[in-house]
Amino acid sequence: MIDQYGRTIDYLRISLTDRCNLRCVYCMPEEGIQQISHAEILTYDEIRRICRCMTELGIRKIKLTGGEPLVRKDCAQLVRTLKALPGIEKVTLTTNGILLGEQLPGLVEAGVDAINISLDTLNPELFQKITRRDCLDQVLEGLQAALGCPQLSVKLNCVPVIKEKENFVALAGLAKNNPLHVRFIEMMPIGYGKQFPFQDEESIKTVLEEAYGPMMPTAERFGNGPCHYYTLEGFQGKIGFISALTHKFCSQCNRVRLTAEGHLKGCLQFQEGVDLREILRKGGTDAELTEAIRRIIWEKPVSHHFYETQTEQDEMRAMSQIGG
Ligand code: SAM
Ligand code: SF4
């Protein structure tokens, strides 16, 4: 489906839960957030029905996110169900990696196409400082397990909250020694992220060029999103940047977002959306669901306005509730 600004929308991000086993400082407070009850969260059957209607409107790729998607029971089962929907080409997952080692065989068997692992540092003390948990080893085990599956596309995502040069150099070095793309995501002023300054792409690029030599832009794409990539000599993987602030990409945005409780959103920054759970649980027909989804896609906002004054329409949810 094409929205009113001519953008093709073929990508859906689904938050499976607002719960998480980490407490990243820019995403969740120490004490966690007021959790929604199990009864309020969409069941897998409800998610499947929404996705089936979405395929009619042209959604072809689905990303499972959260909170932490792997803390929800039987995530692999949902992957299998969604992969079986006619029209769905790819089902991918973004995870903090803690439970990945144990769940990877099931996910691969279910047909997951790609896994993004979020990791902001390779230093155990800094990891604990960022995530307020001491479990870097488990994340690294998950990463190794994923790299052991040649059929899987694996990416590492870093939000540069630790600004030491060594941190960027060490993380980028993973792409030198492994078939892995390492991507730096500019901190967005959403939820707890508002409290942190963002580190711009150019400054990270300068640090990496000092350490590894020239970075050559490539037009190659790896996945569903707005990341742009660079090639470095001697590197197996690419280095990418997702720069919502310094390289605004709203004119190419291809996605909508479904929260764990069934709120379908057109844009990360705006609350505006539709309560699909209400339609489902009041006995709505597929035609009613599809019409509600069509309206949100058509009315998708033209762009974010991160640089401007906040408005009453802006999103008040935390990133862990929206899915990033
Ligand atoms: N728990 C999973 C994970 O960490 O990958 C999935 C959910 S998490 C909300 C998805 C992504 O959003 C992560 O890569 C995280 O680093 C990123 N994120 C969270 N808050 C952010 C912010 N304010 N700006 C940019 N990215 C953010
Ligand atoms: Fe959890 Fe992911 Fe948010 Fe970190 S970024 S607190 S892992 S949801």
Side-chain angles (χ1 to χ4, degrees), residues 13-33 35-36 62-72 75 92-100 103 107 112 114-121 126-136 138-139 142-143 146 154-162 171 181-201 204 223-227 240-249 255 257-260 265 267-269 304 306 314-324:
R13 292 178 69 97
I14 306 175
S15 173
L16 294 189
T17 174
D18 59 343
R19 292 161 203 234
C20 188
N21 42 6
L22 292 184
R23 293 286 181 272
C24 301
V25 288
Y26 51 81
C27 184
M28 257 198 186
E30 170 94 67
E31 65 281 9
I33 48 160
Q35 292 173 343
I36 44 179
I62 295 175
K63 167 92 70 206
L64 303 180
T65 173
E68 172 49 39
L70 297 184
V71 301
R72 183 154 175 189
C75 184
T92 62
L93 178 83
T94 179
T95 170
N96 60 31
I98 294 176
L99 299 172
L100 190 57
Q103 295 193 25
L107 291 163
V112 73
I115 295 197
N116 291 356
I117 299 174
S118 301
L119 180 60
D120 300 333
T121 181
L126 293 177
F127 182 90
Q128 178 151 26
K129 218 167 133 188
I130 300 168
T131 66
R132 304 189 180 104
R133 297 289 184 273
D134 178 16
C135 47
L136 175 61
Q138 277 168 264
V139 179
L143 174 62
V154 186
K155 300 189 194 101
L156 190 140
N157 288 337
C158 162
V159 174
V161 65
I162 300 290
L171 283 167
H181 306 312
V182 173
R183 310 172 334 153
F184 296 93
I185 305 177
E186 282 179 355
M187 177 85 70
M188 289 182 271
I190 300 264
Y192 296 90
K194 286 182 194 149
Q195 299 162 16
F196 293 86
F198 82 102
Q199 175 96 12
D200 70 295
E201 168 174 337
I204 299 175
N224 310 321
C227 188
F241 292 93
I242 302 175
S243 307
L245 287 103
T246 61
H247 295 66
K248 195 171 179 178
F249 41 73
R255 62 197 58 194
R257 295 177 157 84
L258 183 64
T259 68
K265 282 165 62 69
C267 174
L268 193 57
Q269 196 184 7
H304 70 66
F306 287 149
D314 288 351
E315 183 56 87
M316 301 307 287
R317 294 178 181 85
M319 204 63 128
S320 58
Q321 295 169 303
I322 313 169

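Positions are given from 1 along the sequence. Atoms within a ligand are numbered from 1 in the order they appear, just like the ligands themselves.
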TODO: Please test Gln103 against Thr95 for side-chain contact (heavy atoms from CB on, under 4.5 Å), starting from the C-alpha separation and ending with a verdict.
DONE: CA-CA 11 Å; Gln103 295 193 25; Thr95 170; over 6 Å; no
Task: Trace of the side-chain contact (heavy atoms from CB on, under 4.5 Å) decision for Arg133 with Asn21 - done: CA-CA 8 Å; Arg133 297 289 184 273; Asn21 42 6; over 6 Å; no
- [ ] Please test Ile162 against Ile130 for side-chain contact (heavy atoms from CB on, under 4.5 Å), starting from the C-alpha separation and ending with a verdict.
- [x] CA-CA 8 Å; Ile162 300 290; Ile130 300 168; 3.4 Å; yes
Task: Worked check of side-chain contact (heavy atoms from CB on, under 4.5 Å) between Thr121 and Lys129 - done: CA-CA 10 Å; Thr121 181; Lys129 218 167 133 188; over 6 Å; no
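Residue contact annotation: Lys194 has no non-hydrogen atom under 4.0 Å from ligand 1.
Residue Gly66 approaches ligand 1 through these ligand atoms, each under 4.0 Å from one of its heavy atoms: 6 (C), 7 (C), 9 (C). Numbered from 1 in the order shown, with element, the atoms of ligand 1 that lie under 4.0 Å from a heavy atom of Glu186 read 25 (C). Each of the following atoms of ligand 1 lies closer than 4.0 Å to a heavy atom of Gly193: 23 (N). Under a 4.0 Å criterion applied to the non-hydrogen atoms of Thr94, ligand 1 contributes the atoms 2 (C), 5 (O), 6 (C). Near Glu68, meaning under 4.0 Å from any of its heavy atoms, are these atoms of ligand 1: 1 (N), 2 (C).
Excluding waters, the set of protein N/O/S atoms under 2.8 Å from atom 1 (Fe) of ligand 2 reads Cys20 SG.
Any N or O atom pair closer than 3.5 Å counts here, and Thr65 shares no such pair with ligand 1. Taking any N or O of Asn116, backbone or side chain, none lies under 3.5 Å from an N or O belonging to ligand 1. For ligand 1, the polar-atom distance check finds an N/O of Met188 within less than 3.5 Å of one of the ligand's N/O atoms. On a distance-only criterion, Ser320 and ligand 1 share no N/O pair closer than 3.5 Å.
Under the side-chain contact (heavy atoms from CB on, under 4.5 Å) test applied with Val139, the options Leu100, Leu99, Ile117, Asn96 reduce to a single match, Ile117. Tested against Asp120 for a side-chain contact (heavy atoms from CB on, under 4.5 Å), the candidates Phe184, Tyr26, Phe127 yield a single pass: Tyr26.
In terms of protein heavy atoms, atom 12 (O) of ligand 1 is closest to Gly324 CA, 3.8 Å. Of the protein's non-hydrogen atoms, Gly67 O, 3.2 Å is the one closest to atom 6 (C) of ligand 1. Of the protein's heavy atoms, Ser118 OG, 2.8 Å lies nearest to atom 14 (O) of ligand 1. Here the heavy atom of the protein found nearest to atom 10 (C) of ligand 1 is Gly323 O, 3.9 Å. Here the protein heavy atom with the shortest distance to atom 20 (N) of ligand 1 is Met319 CG, 3.3 Å.
Rounding to the nearest 0.5 Å places SG of Cys267 at 7.5 Å from CZ of Arg257. In this structure, OG1 on Thr65 lies 8.0 Å from CG on Leu16, to the nearest 0.5 angstrom. In this structure, the separation between SG on Cys135 and CG on Leu22 is 5.0 Å, given to the nearest 0.5 Å. Remark: Arg19 CZ to Met28 CE distance equals 9.5 Å, nearest 0.5 Å. Here Leu64 contributes atom CG and Ser15 contributes atom OG; the two are 9.5 Å apart, rounded to the nearest 0.5 Å. Of the inter-residue distances, the one linking Ile98 atom CD1 with Leu136 atom CG reads 9.5 Å to the nearest 0.5 angstrom.
When heavy-atom distances to ligand 1 are checked against a 4.0 Å cut-off, Thr95 comes that close only through its backbone atoms N, CA, C and O.
For Thr17 and Glu68, the side-chain atoms include no donor-acceptor pair closer than 3.5 Å.
Across every non-hydrogen atom of Ala244 and Glu186, the tightest pair is N-OE1, 3.7 Å.
Of all the listed residues (Ile115, Val159, Asp120, Ile130), Val159 holds the heavy atom that lies closest to atom 17 (C) of ligand 1.
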